[in-house]
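Working notes, beginning with the structure itself.
Proteins come first, then strands; the chains are lettered A, B, ... in the order of their sequence lines, and each starts at number 1.
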Number of protein chains: 4
Amino acid sequence: MAADKREHILATAEKLFGDNGFDGTSVRDIAQHANVNLAMISYYFGSKEKMLEALLEHRANYTILEALNKDESLTPWEKVDRVVDFYVDKIMNNLCIHNIMMQGSNSRSEVIKELVTKIKLRNFEQIKKIIIDGQKKKIFRKVDIELTVGTVMGTISQTTLARNFYAALFNIEKDNEEAYRKKITPKLKSHLKQLLHAHLDINSEE
Amino acid sequence: MAADKREHILATAEKLFGDNGFDGTSVRDIAQHANVNLAMISYYFGSKEKMLEALLEHRANYTILEALNKDESLTPWEKVDRVVDFYVDKIMNNLCIHNIMMQGSNSRSEVIKELVTKIKLRNFEQIKKIIIDGQKKKIFRKVDIELTVGTVMGTISQTTLARNFYAALFNIEKDNEEAYRKKITPKLKSHLKQLLHAHLDINSEE
Amino acid sequence: MAADKREHILATAEKLFGDNGFDGTSVRDIAQHANVNLAMISYYFGSKEKMLEALLEHRANYTILEALNKDESLTPWEKVDRVVDFYVDKIMNNLCIHNIMMQGSNSRSEVIKELVTKIKLRNFEQIKKIIIDGQKKKIFRKVDIELTVGTVMGTISQTTLARNFYAALFNIEKDNEEAYRKKITPKLKSHLKQLLHAHLDINSEE
Amino acid sequence: MAADKREHILATAEKLFGDNGFDGTSVRDIAQHANVNLAMISYYFGSKEKMLEALLEHRANYTILEALNKDESLTPWEKVDRVVDFYVDKIMNNLCIHNIMMQGSNSRSEVIKELVTKIKLRNFEQIKKIIIDGQKKKIFRKVDIELTVGTVMGTISQTTLARNFYAALFNIEKDNEEAYRKKITPKLKSHLKQLLHAHLDINSEE
DNA sequence: CATGAATGAGGGTTCATTCAT
DNA sequence: AATGAATGAACCCTCATTCAT
């Protein structure tokens, strides 16, 4: 089916863009890896850049965060933990698109830059709500919300952007993605939770 | 002088690589911006990639950290604060090379990847020493050292990689690097210090 | 109806070929402007070149000239004037196909070249007859018939091929086809008639 | 030498553009026929279109006309005859560039269109002067100067644009450029002179 | 009849690099 | 030391056409 093929191309592009960067990936690479005629990329997406846009919009569907926020049965602490779990899982299972978004900020295309910024802003707003809610309930203390979110995202990013570094640090064989994920995911979750608890807990002494 | 010209080319390349990425920058771009004959780049550096290597080695001279560690008059807390100040200043005044290093992890060149990993490891070791020292002195509690360093680096990275995002968040006009730096630097320093204190303080309740 | 659609495609192709040339017009352009599925062009005409052939044959139906020649009630001068009127009107109301025929002589396709030559020859024969008839009747003097016809066709062609030039000369706003036609048509007719009279009149002194 | 090579490329392009049209000629064709590396075209001219511009400007050096006009020892009739000789020789020895200019009016590039128009206007002005001078001296009668020039140019154009047609007419073997030139040139000159004399002579009866 | 999908060939251009001078 | 010229490979994209449905 046509939609399947489109999907397949996008998935292939995601992997390659994630590994080699946008400029480092040629349309020929994508066509070859996807076992698809070169002209199909233009046919389906119009251009290489339009394909990246499609990719970003396609993968940026983080509606779960919004659902999480609406769940009033959860305490702010539970929400924080779930956000950590969600993001870590999301990114660790989706290293590529995350890499792409990081690189995307450096794209020469204004369209891409704005798209990435838009996606980030949307996600940020959801986390911000959680923290503000916790502050209103006198559970979280006053912190720099923007940079706190930056800390969460940045810490996770490090493990994907500097993957080689961490693989070396933890003695994981290079290019074994599965092993890396298994080793890092629990460490990352527990580190972030511990970090955020210490950081946000209103009872923590400064 | 020849050395000056080499330097000038490297500085130009740094800016362009930082802004547009390695693949997004052509040797012609560099030659033109540096007002230098195209063939000079190959002449001086051998190849585009060799130039990136030269750039990384040239800029990665973080000997200050080692000096910091040897200063026994400072308490671990003071050292942590100084590391934060040092890194934030370093990166904020050197956005380009930092961007390049982040991208470098995704380079298709194994040489570059290893070089970047090596630089990161060297820096990491210094910070690790500080934390272990604090733990030995019963001032810092037990934390995941690797990821704690990742948090510091990642948080700072966020502000450079996702610069557009934070510029939008803080209402800073795009492309005004100076304004961005002035606004972010103090916020970043204080956020990281507060974060690390809560995270590392052995008296903090868990 | 199918015939209507074929006609519609041909009309669209005529306009585009006339404006942008054969090579400068893509089948996609035609399909899009004609609001017709891309594959229909091949379906109806077999190929792009076959479509041009169809176009030429379809538009080259200059039977009127033959009728004119058979009308024995007209003097050679009247016939000349009518030929001028006929051709000027024909070409001025049909700039596109005329452009196409001019370009067609430069086509890489032998089929097209021969088709264009054939059409031109057929028209030429009719005019030749008129001139010879006038000469036989001692009304026209001896002239180079081939080049005299070339002068008529060439003069008219100039006003379509070098339209921009003449528009500039006569202060007609570019792209206003209607204004151009209105301005040029009467000037062209009267110029050609005057020219031919002086040229052909046996009483004219050399 | 570099200038020679540039010249050689231009000459090759002129032939191919003249034969197959601008769109009908690929940069690869030119490179191959000129025995030159493909990238040289961009290297020397920047782009295919820029090359056409260079070609037009390079060939449009009709300064002789201006010299002719300044020669006060010639009568208007002599000037007219010389213009005819000049143009016929010029075009017959330079079929390609003339074809190109004709096609250029239909170019999709505004730059090219304007360049062609500019060249034509410059040439037109010179001929116009001759005719007006003859009219002032009561030698030429009142005619439509613009279209008279159009007649001269158009008649000559016909013999190049409709070359196949005239070759068929005069029984000249196709693709024998030399034979065509030899046959047509004198006929064309004498036809045009006769035509213009009859057209312009103030003593000619209307 | 009609169409969306697909294809291989070729389009113009730019790349990093090297060579002769 | 320095450079203009040159190169072959690769870039993204569009072409006219065909095919299965």
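One N or O on the side chain of Lys48(B) and one on the backbone of Phe22(B) form a donor-acceptor pair closer than 3.5 Å. Side-chain N or O atoms of His58(C) include none that pairs as donor or acceptor with a backbone N or O of Ala54(C) at under 3.5 Å.
Listed pair Lys5(A) / dA6(E) meets the phosphate criterion, a side-chain N or O lying under 4.0 Å from OP1 or OP2. For the pair Tyr44(C) and dC1(E), the criterion of a side-chain N or O lying under 4.0 Å from OP1 or OP2 is not met. For dA2(E), the OP1/OP2 oxygens have no side-chain nitrogen or oxygen of Asn37(C) closer than 4.0 Å. For dC15(F), the OP1/OP2 oxygens have a side-chain nitrogen or oxygen of Ser26(C) closer than 4.0 Å.
In this entry the distance linking CD of Glu49(C) with C1' of dC15(F) reads 15 Å, nearest Å. In this entry the distance linking CZ of Arg28(C) with C1' of dG10(E) reads 14 Å, nearest Å. As rounded to whole Å, 12 Å separates atom P of dG11(E) from atom CG of Leu16(D). When the C1' atom of dT3(F) is taken as reference, atom CD1 of Ile9(B) falls 13 Å away, rounded to whole Å. Taking atom NZ of residue Lys48(A) and atom P of nucleotide dA10(F), one finds them 15 Å apart after rounding to whole Å. Leu38(B) has its CG atom 16 Å from the C1' atom of dA20(E), to the nearest Å. We find that CD of Gln32(D) is positioned 13 Å from P of dG12(E), with the value rounded to whole Å. Going from atom CZ of Phe22(A) over to atom C1' of dC12(F) covers 10 Å, rounded to whole Å.
When each of Val27(A) and Asp23(C) is assigned the nucleotide of DNA chain F bearing its nearest heavy atom, the one mapping closer to the 5' terminus is Val27(A). Mapping Ser47(B) and Met40(A) onto DNA chain E by nearest heavy atom places Met40(A) at the nucleotide closer to the 5' end. The nearest heavy atom of DNA chain E to Ala39(B) and to Asp29(B) marks one nucleotide each, and the one closer to the 5' end goes with Asp29(B).
A donor and an acceptor atom sit less than 3.5 Å apart, one in the side chain of Tyr43(A) and one in the base of dA5(E).
With respect to Arg108(C) and Asp19(D), no salt bridge is recorded, no charged nitrogen being found less than 4.0 Å from a carboxylate O.
The side chain of Ser42(D) has dT13(E) as its nearest neighbour among dT13(E), dT7(E), dT3(E).
Open room surrounds CD on Gln32(D); 12 or fewer heavy atoms of other groups in view lie less than 6.0 Å from it.
Between Asp175(A) and Arg163(A), the closest heavy-atom pair is CA-NH2, 3.8 Å.
Under the Watson-Crick or G-U wobble criterion, with both distances below 3.5 Å, dA5(F) is paired with dT18(E).
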